Amino acid sequence: MKLDIAKIDLPVVEIVEEVRGALGEENTIIVNAPAGAGKSTVLPLALMKEEWLEGRKIIMLEPRRLAAKTIAMRMADLLGEKVGESVGYRIRFDNCVSEKTKIEVVTEGILTRMLQSDNAIENVGMVIFDEFHERSLFADVALALSRESQQVLRPDLRIMIMSATLNLPQLSSLLKAKVVQSQGRQFPVEIKYEGESDVRMLPELTARLVKKVMAKEEGDVLVFLPGEGEIRKCEAILRKTLNEIAVHPLYGQLPPSRQFAAIMPDKNGKRKVVLATSIAETSLTIEGIKVVVDCGFSRTMRFDPSSALSRLETIEITRDAADQRAGRAGRLAPGVCYRMWTKATQSRLKEHRTPEIQEADLASLVLDLAVWGISKPDSLIWLTPPPSGSVAQASDLLHQLEALEDGKITDLGKEIDKLPCHPRIAHMLLMAQEEGLAELATDIAAVMEERDPLERESGIDVNLRIEALRKSRKGLVSNKVLSRIEKVANQYRKMLGVKVDNGPVDPFETGLLLVYAYPERIAHAKPGNNAQFRMANGAVAAAGHKDDLAHEEWLAVAQVSMREGLGKIFMASPLNPRDLAPMVKEKEMVEWDTKKGGFKAERNLCIGHIILQSKPLHQCDEGQKVAAILKAIEKEGGWLLDWNKEVTQWQNRVLSLRKWNPEEGWPDVSKATLLGDAKEWLAPYLSQVKRPEDLKKIKLKEVLQHHLSYEKQQVLDELAPDRIQVPTGSKIVIQYHANGDVPVLSVRLQEIFGWQETPAVNKGKVSLLMHLLSPGFKPVQITGDLRSFWDNAYFEVKKELKARYPRHKWPDDPLVAEPNRK
DNA sequence: CTCTCCCT
């Protein structure tokens with residue numbers, strides 16, 4: 001093992017000594033090195049014999065399996081060894097390590113597993129996070145957990161974060177870590193802004209620009225589009241018009257041979273245009289690209305905690321992603337990048353891509369933390385904390401799956417966490433073992449975890465996929481997706497200790513198993529409907545009219561997308577209602593519906609929101625009724641109550657004081673907040689309510705006043721009085737604003753003769769804005785400074801008023817004149 | 001008209 005790092009011709013070699021020095025003193029550092037610097041191969045090798053390792057291993061994290069494997073091989077090569085000796089790798093389905101291994105390159109899920117089985121990762125001296133700027137969910141979790149381990153158990157554990165583009169100041173201040181900067185090996189790329197485009201016309205607009213670019217520039221062109229649909233359309237247009245040029249699509253779904261064709265130089269030496277998704281941003285590198293055309297959009301998956309569903313969205317790309325796309329033109333020589341947006345748009349774009357943790361399904365994360373004994377994620381240090389809505393949804397789901405109980409991990413939860421799949425699927429696998437259906441469950445699990453092996457036209461029946469998988473195992477059909485599914489199924493079979501089942505499938509068994517994974521998606525045909533189903537979670541979803549399953553009475557739905565209220569079912573199996581018996585619950589339902597005149601009370605047999613049988617309920621207790629009204633108010637808003645001007649005025653007075661005197665602790669009485677916690681203040685007044693009119697009769701202002709202490713009510717009247725007495729003795733309303741803006745006093749000018757100073761509230765600290773009115777209540781002047789008004793503007797105003805109201809008195813000296821009402 | 005990418 002002879003290796004002289006200094007002789008390697010890569011830019012990162014220049015920073016090796018600095019990194020060594022920093023890690024000798026600190027346990028955490030950040031290395032900022034752009035693509036092509038060689039950091040992933042050189043730095044682990046340079047550090048593998050440091051003293052502080054005390055003979056322990058270095059673990060390096062890679063976001064992709066292929067990268068993990070090739071980097072390990074390159075390092076072994078530099079040492080003149082075979083992979084698996086000093087340097088090894090571990091990825092799903094494949095590992096190559098031995099007792100001699102000192103550097104292990106692993107993919108991200110593997111490290112979470114390692115941390116899970118040994119919190120202190122005893123035999124690891126250093127964890128390296130490569131490509132950290134991608135901010136994958138696993139990398140964020142792994143960093144939070146290894147920091148925790150470092151702080152609590154292993155202060156000697158070194159953490160090195162490597163990243164190309166990143167929000168470095170934020171990261172280094174959070175981790176209190178030094179940043180070491182390296183040069184990259186990148187040629188300059190000239191950026192050209194091509195003006196506005198339109199997301200609905202991307203294929204056409206992009207094709208037009210590509211034609212222009214082909215005429216103007218030389219070399220191969222890489223075009224970024226959001227997805228397969230746009231790529232196919234653009235490809236069709238270009239094929240019609242560009243002769244002598246090879247047009248290649250490139251996206252994840254494409255069979256490997258066609259991906260390979262897109263990456264390699266053209267066989268006949270033709271110029272090449274590659275139409276790619278974001279796959280070409282990081283995962284695949286196409287050599288020889290001189291020109292990049294960037295449409296400015298990308299498609300990303302986003303999880304919606306309220307529906308527990310993920311959906312794809314087409315979004316504007318961020319500046320760091322745009323830079324990465326442009327960089328693809330400068331790998332071997334100077335290049336050009338055409339951006340389909342304006343310079344103005346560029347300055348408006350978000351700087352960094354949204355970390356996955358902010359928009360992903362967090363079920364696995366919350367379960368992982370629970371296994372560590374962490375019930376609230378905010379007790380860890382996060383670069384971006386997981387959003388509370390997603391954490392709450394994940395926690396609800398895990399309680400429903402009995403993986404958590406009162407926020408703590410259960411024995412079942414620990415078993416679920418050990419399986420390499422989503423907790424829903426893991427739950428299904430374990431329950432299937434009890435039902436004696438484990439063989440079928442492993443097939444379903446693999447089908448659900450991987451991409452759909454059939455065409456969309458095949459319909460929504462999961463059983464067709466399982467049949468296809470079983471046929472492929474018998475060698476009757478073969479396709480790339482099915483062989484991947486089989487690989488996953490095989491892993492599950494090994495973990496559960498079951499054999500292959502290639503027999504016929506009972507769809508009802510599939511349905512039953514799917515319910516273990518997706519209990520809230522049990523679906524019941526709506527009466528007299530067109531293939532529409534009510535799901536247990538309350539949503540309505542439809543199957544295609546011609547689908548084989550459209551006329552089933554019960555479905556176990558696995559995949560569904562929601563759009564504007566009506567869902568679309570993508571994957572389901574028929575369900576035998578007899579299997580549902582244990583899930584049917586008797587529930588008393590009391591609802592308030594103002595439009596229908598009040599209470600509706602029923603005793604129902606139901607599964608979630610699906611009602612199987614319903615009988616009227618003749619008596620129900622007060623608590624249920626009050627709860628029903630509160631729920632209606634929370635949902636429908638203030639119009640159910642008499643929310644009049646007086647109430648608003650009272651709210652605005654309190655809210656103004658809240659703004660002006662923050663130290664006095666005035667409550668937030670904004671309408672939104674009040675409606676949100678109506679239970680706190682309104683409930684005691686609801687017990688007598690029977691009809692909608694009764695609700696309107698509640699005197700809100702009085703109710704709310706009682707919410708303040710007597711003392712506070714006094715202070716309110718003193719500091720923010722409802723009315724103010726003017727020189728004539730009239731008591732005139734002061735108009736307050738919810739946001740604490742200066743209150744307004746609208747008063748006729750003749751009533752305030754003799755008033756020297758601008759009136760004020762809040763102990764004289766807030767002067768009123770005067771809206772001065774004519775005798776006919778028309779506005780004549782607005783002033784915040786009465787003294788200056790009398791001295792200056794009054795004389796102009798007087799002239800006008802004298803002409804319009806000659807019978808009124810308009811004195812020359814208003815400060816001593818008698819005020820009057822007439 | 002759902003179909004970006006990746007991972008245990």
Side-chain angles (χ1 to χ4, degrees), chain A residues 61-68 90-95 106-117 131 134-142 200 224-233 250-254 259 276-284 295 297-304 309-315 317 321 324-325 353-354 356-357 359-361 363-365 367-368 371 416-423 425-426 429 445-446 449-457 460 481 484 487-488 491-492 494-495 541-542 544 559-564 567-571:
Chain A
L61 212 58
E62 285 298 324
R64 278 164 290 278
R65 288 184 205 150
L66 187 64
R90 281 206 276 170
I91 59 183
R92 189 179 189 181
F93 307 125
D94 186 10
N95 62 58
V106 306
T107 39
E108 293 175 332
I110 304 258
L111 180 66
T112 321
R113 286 279 101 101
M114 292 168 69
L115 283 160
Q116 213 61 277
S117 57
E131 313 280 5
E134 293 187 18
R135 294 298 304 279
S136 73
L137 178 57
F138 275 120
D140 270 23
V141 177
R200 289 160 300 181
F224 284 100
L225 284 161
E228 184 184 338
E230 289 89 350
I231 287 176
R232 286 195 177 185
K233 270 188 203 147
L250 180 60
Y251 46 87
Q253 280 272 67
L254 217 57
Q259 285 192 1
T277 61
S278 50
I279 195 171
E281 250 171 55
T282 50
S283 311
L284 296 175
C295 80
F297 290 89
S298 67
R299 204 158 276 143
T300 89
M301 194 67 105
R302 185 172 249 184
F303 181 72
D304 171 19
L309 296 172
S310 295
R311 63 161 165 263
L312 280 169
E313 280 177 5
T314 309
I315 55 163
I317 64 167
Q324 191 151 16
R325 288 179 173 192
R353 57 198 104 188
T354 313
E356 204 184 348
I357 197 169
E359 32 196 47
D361 178 353
S364 292
L365 180 151
L367 187 63
D368 282 344
V371 171
I416 289 177
D417 194 62
K418 280 181 196 154
L419 292 169
C421 51
H422 192 282
I425 302 293
L429 286 168
E449 286 271 302
E450 294 298 308
R451 218 176 243 291
D452 189 353
L454 300 187
E455 303 287 323
R456 206 176 314 166
E457 296 75 49
I460 63 172
V481 189
R484 253 175 50 179
K487 224 172 171 179
V488 177
Q491 190 182 30
Y492 295 146
K494 278 190 185 147
M495 299 193 93
Q559 284 175 16
V560 59
S561 82
M562 293 304 292
R563 187 169 283 186
E564 275 119 45
K568 196 166 158 43
I569 299 172
F570 290 104
M571 206 69 91

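Just so it is clear, the model here is predicted, and its values are computed rather than measured. Each chain gets a letter, A, B and so on, in the order the sequences are listed, and its residues count up from 1. The basis for the numbers below is simple: all heavy atoms, side chains too, and nothing from hydrogens, waters or symmetry mates.
- Judged by atom type and distance alone, A/Arg113 reaches the base of B/dT8 through a side-chain donor-acceptor pair under 3.5 Å.
- Between A/Thr277 and A/Pro226, the shortest heavy-atom contact is CG2-O, 4.1 Å.
- Using a 4.0 Å cut-off between charged nitrogen and carboxylate oxygen, A/Glu313 and A/Arg311 count as a salt-bridge pair.
- Proximity of A/Thr277 to the phosphate of B/dC5: a side-chain N or O atom is located under 4.0 Å from OP1 or OP2.
- Distance A/Phe93 CZ to B/dC7 P: 11 Å, rounded to the nearest Å.
- Taking only side-chain atoms of A/Thr107, from C-beta outward, the nucleotide of B/dC1, B/dT4, B/dT8 with the closest atom is B/dT8.
- The side chain of A/Arg90 places no N or O atom within less than 4.0 Å of a non-bridging phosphate oxygen (OP1 or OP2) of B/dT8.
- Within the nucleic acid shown, A/Gln559 comes within 4.0 Å of at least one base atom, counting heavy atoms only.
- Distance A/Ile231 CD1 to B/dC5 C1': 13 Å, rounded to the nearest Å.
- A/Leu137 comes within contact range of no nucleotide atom at all, as no heavy-atom separation falls under 4.0 Å.
- Residue A/Glu228 is in sugar-phosphate contact alone, with no base atom involved, counting any heavy-atom pair closer than 4.0 Å across all strands shown.
- Nearest-nucleotide positions on DNA chain B for A/Ser561 and A/Gly252 put A/Ser561 closer to the 5' end.
- B/dC5 atom P lies 12 Å from atom CZ of A/Phe224, rounded to whole Å.
- Remark: P of B/dC5 and CZ of A/Arg135 are 22 Å apart, rounded to the nearest angstrom.
- Contact check, A/Arg311 against B/dT4: no side-chain N or O comes under 4.0 Å of OP1 or OP2.
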Go through the steps for A/Phe297 and A/Glu230 under the test side chain to side chain contact (heavy atoms under 4.5 Å, CB included), then give the verdict.
CA-CA 11 Å; A/Phe297 290 89; A/Glu230 289 89 350; over 6 Å; no
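- Rounded to a whole Å, the CZ atom of A/Arg232 is 10 Å from the P atom of B/dT4.
- We find that CE of A/Met114 is positioned 16 Å from C1' of B/dC7, with the value rounded to whole Å.
- Which of B/dC3, B/dC7, B/dC1 sits closest to the side chain of A/Lys568 comes down to B/dC1.
- When the P atom of B/dC7 is taken as reference, atom CD1 of A/Ile279 falls 11 Å away, rounded to whole Å.
- In the set B/dC1, B/dC7, B/dC5, B/dC5 carries the atom at the smallest distance from any side-chain atom of A/Arg451.
- Contacts of A/Arg65 with the nucleic acid, taken as non-hydrogen atoms under 4.0 Å apart, involve only primed sugar atoms and P, OP1 or OP2.
- Between the CD atom of A/Glu449 and the C1' atom of B/dC6 there is a distance of 12 Å, given to the nearest Å.
- Residue A/Ser136 has no polar side-chain atom (N or O) positioned under 4.0 Å from OP1 or OP2 of B/dC7.
- Counting only heavy atoms from C-beta on, A/Arg92 has its side chain closest to B/dT8 among B/dC1, B/dT8, B/dC5.
- With A/Glu356 contributing its side chain and A/Ser136 its backbone, the two residues share no donor-acceptor pair below 3.5 Å.
- Between the A/Gln259 side chain and the A/Tyr251 main chain, a donor and an acceptor come within less than 3.5 Å of each other.
- Taking for each of A/Asp452 and A/Ile110 the nucleotide of DNA chain B with the nearest heavy atom, the 5'-most of the two is the partner of A/Asp452.
- More than 12 heavy-atom neighbours from other residues, nucleotides or ligands sit within 6.0 angstrom of CZ on A/Arg113.
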